[in-house]
Amino acid sequence: MKILLASPRGFCAGVNMAIECLDETIRMFGAKIFVYHEIVHNKYVVDRFTRQGVTFVNAVSEVPEGSLLLYSAHGVSPEIRQQARDRKLQTIDATCPLVTKVHLEAIKYAKEGYHIILIGHEGHDEVIGTMGEAPASITLVETPEDVAALTFADDARLAYLTQTTLSVDEAGRVISALRSRYPHIASPPKEDICYATTNRQDAVSTLAPRADLVIVLGSQNSSNSRRLMEIGLSLGKPAHLVDGAAELKRSWFEDVDTVLITAGASAPEVVVQEVIDYLEREFRATVEQVTTREEHVSFPLPKELRQLQKAAAS
Ligand code: SF4
């Protein structure tokens, strides 16, 4: 058996920053820290921090007054920030800068009197945060059918934004539908779907035709990981999204000569290696890593944390 190991795969700059931020916060303050929602959508990562004593909450009201609260990589709405201020919480914002970029675009368009069509998945943390920036000025759509159901006048002042982790192809279809219905619709100069999402999807699109099976490491609630599995399926390959080697089924690998392995932007390399170890052990698999694009992106730690580091050092 041959393993085609996709590169780039796994952690993106935003996830690296958020995890490093939480690690450093624990180092400085101990583990009595609260995080609003999962720091990143990955079971392995969340379980590791939970074992260290970090508490993940779904509501600010669960955090005792005066505590330290981290915002996850997916960002939060202004309402959540206000609730944290009301409870006198000390906050550190680990929102990915590429998510913040979409928030700022939403604020700008709303201020300029546009109504925003946000392309994204209902209920996703990032979508909830972005919509919270201008709730009265944003309408969410997921599909071209949703676009067909819009009732804005032909000359309405409209702009569109997208969630950062969508399928590039599916988002393209929704954008085409929007542009043909509202040809004057405004959009930001640079794509909102982030570099990491795009690069991981390109790698699967390029390599899946060479494979009999696609294995994606990532959690079921990770949007960008699900998109990778869906690309494999759309190319006619059996594809599975798993958190780790324990979820693999031996029957998936019967009659498989080549398996493509990749990982969503929130999945750590350790779970990729677990799967490789399993396939080497059970099927004497050999690994060929194929790099479809180099990535050299990194983000600094949040400024609140850098200020705390500076204060501690002086
Ligand atoms: S997937 Fe993209 S937007 Fe999300 S955290 Fe990573 S770099 Fe940021």
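All values derive from a computational prediction rather than experimental measurement. Just follow the structure's listing: the first ligand is 1, and inside any ligand the first atom is 1. Numbers for residues simply follow the sequence, beginning at 1.
Contact between S219 and L241 at its shortest, heavy atoms only, is O-CD2, 3.6 Å.
Comparing heavy-atom distances from atom 2 (Fe) of ligand 1 across C194, G75, S266 singles out C194 as nearest.
Separation of the H37 and F56 ring centroids does not fall under the 6.0 Å cut-off.
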In sequence, state the C-alpha distance, the side-chain angles, and the governing distance for Y71 and I92, and then conclude on side chain to side chain contact (heavy atoms under 4.5 Å, CB included).
CA-CA 6 Å; Y71 298 134; I92 295 176; over 6 Å; no
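Nearest to atom 8 (Fe) of ligand 1 among the protein's heavy atoms is C96 SG, 2.3 Å.
Side-chain contact check for R227 and S223: at least one donor-acceptor pair (N or O, by modelled atom type) lies under 3.5 Å.
For ligand 1, the atoms sitting less than 4.0 Å from at least one non-hydrogen atom of T164 are 3 (S), numbered in the order shown with element in parentheses. Close approach of ligand 1 to C12 (heavy-atom distance below 4.0 Å) involves ligand atoms 1 (S), 5 (S), 6 (Fe), 7 (S).
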